[in-house]
Amino acid sequence: MASQVAEGRADSPARRRFLRFLLGFSVISTIGMIAAPIVGFLIPPKTNGAGAGGKVLAGTTADIPAGTAKVVPVGSKPVIVTNTEAGILAYSAVCTHLGCIVGFDTTVKHIVCPCHDGHFNPANGAVISGPPPRPLASVAVSLEGALKDQIFLVPGA
Amino acid sequence: MATVDVPQGRVEGWFEERLRVGSLFAALLHVRIPASAATYFLGGITLFLFGVQVVTGTLLALYYKPTPETAYDSVKTITSVVDFGWLIRSIHHWGANLMIVSLVLHLLRIFVQGAYKYPRELTWVVGVGLLGATIGFGFTGYLLPWDQRAFWATTVGTEIAGGVPLIGDALLNLLRGGADVTDATLSRFFGMHVLVLPLILGGLVLIHLTIVHQLGLASPRHPEPRPTRPGGTVEPVREPLKPFFPHYILDEVIAWAAVLAVLVVLASVWPAGLEEKADPLSSVIVVNGVEQHVKPEWYFLAVYQLLKVVPEKTIGILIPIVGVGVLALLPFLDRNPEVAKRKRPIALLLAAVTMAGLVVFTIWGQVS
């Protein structure tokens, strides 16, 4: 039996090539079949974006007196709400340099990143100094309530 | 220095020059097995299923969160949000069940063919250890979804362990990590399931396979010849042999492909379910509006039913413990050297009665 198989192979290289092709095809398609669900599984599912389809109450004007700012979570993303001469404005609190969370320096009245001393203008989010390559992304603010004292953030607006 | 045979292919040649593992693989693969050997590929299938469990389990662990607050929701997310999550989880679920089935069938095959006898007693003992580790996997894994069924089956299961004479209380505390099934229990079971048991099972598999390789497959026709004095030599039985590689391996791989197909079909047609989230204050399980009894997985049903019908709890717990002890020591208790079925009527009859008893108690436990 074994010798017959060996002779058959030796006599017909075309048949041998064909069998090799079939074997390779089976192995590769099997690997593909197993790998496809594994790769699909490893890709993280899309989570609901921060505040998708709604606005988030960041606090009241009493929480953020003039000349100060506050970092509030919007979903999983931090947002800095500033109350300066330019009014109540909000920006993404994620520094555009390397992703640290920015804060507010009440002496120089700048939004400042503590990691590499990047300064941003609280009036428009623009870079004043330091390494950040881009301004902070702005987040829409709407003041609501009878006294217009409730600060709502509208992400994505 | 010995000469090195370098294979023809360029890639193989490159690796072989640097690794020199060719002779190792040759020694592992190019062995001969009795032509009459009929393994039904069950040991290999069990090993393959363990591999499936390792892969799917590792994937599940990437999303699973082992705390009472998060476990249930993370399993729900895996099942309904993550791509192919239902498939991976259901294959893990069915793989566990099939692994027990193939392991038990493998054990029965070894028993019926008398392959546990001289010189393979230790292969059998290690094999019983593998059975224990596999059941441990089932027991610890069952709690992880943290649904009502998981919670109460574990409560009842650990309660049974607490009934073991003398060490019961200590065992219960050790298993639960305290007096009750809590977050401590979940952490323990998760750690056991993903770290302790895989290491134990992996180690035992290595020992098991090493012995199998060293001793070769048993002939189902002839007992292994025994030297008259320790260390003496014997003339091996002359019988037809066949190559292990590629003949046997090829069939084994085909069997694996078939098992994988069965797994995917089972997982697709009957995906793993999830009950209500565990509620430590209510042991009521409601499925489709019908209240159900708290029952363990099917492979524990025989013991569960035994405990219900034996009036004395201690005796009910001792019977399965003694049973496992007898199973582990079987090669040393069964002194009959014969392997042919017609020369072992008592052993086969006892095994048939035991199996029938297990089946009856399992079905009884299911329907009662």
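Lettering of chains follows the sequences in order, A, B, ..., and the numbering in each one begins at 1.
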Query raised in the report: Where do B:Y63 and A:F41 come nearest, in terms of heavy atoms and distance?
Result: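 In this case the closest contact between B:Y63 and A:F41 is OH-O, 2.7 Å.
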Requested in this report: Against chain A, work out which of B:I78, B:L62, B:V82 has the most heavy-atom pairs shorter than 4.5 Å and name it.
Outcome: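 Sorted descending by pairs with chain A, the first entry is B:V82.
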**Report entry** Residue list, side chain to side chain contact (heavy atoms under 4.5 Å, CB included) with A:P135, at least two apart or on another chain
**Finding:**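 Partners of A:P135 under the side chain to side chain contact (heavy atoms under 4.5 Å, CB included) test: none.
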[atom1]/[X]: more than 12 non-hydrogen atoms of other groups inside 6.0 Å:
| X | atom1 | value |
| --- | --- | --- |
| B:R109 | CZ | yes |
| B:K277 | NZ | yes |
| B:E297 | CD | yes |
| B:R18 | CZ | yes |

Which portion of [X] sits near chain A, non-hydrogen atoms under 4.5 angstrom:
| X | answer |
| --- | --- |
| B:L87 | side chain |
| B:V55 | side chain |
| B:I91 | neither |

Query raised in the report: If you measure from CD1 on B:I88 to CD1 on A:I38, what distance do you get to the nearest 0.5 Å?
Result: 6.0 Å
Query - Contacts of residues 23-34 of chain A with chain B (heavy atom under 4.5 Å) - result: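 So far as heavy atoms go, A:M33, A:I34 are the residues that approach chain B to under 4.5 Å.
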Query raised in the report: Is the shortest heavy-atom distance from the side chain of B:D83 to the side chain of A:I43 under 4.5 Å?
Result: no
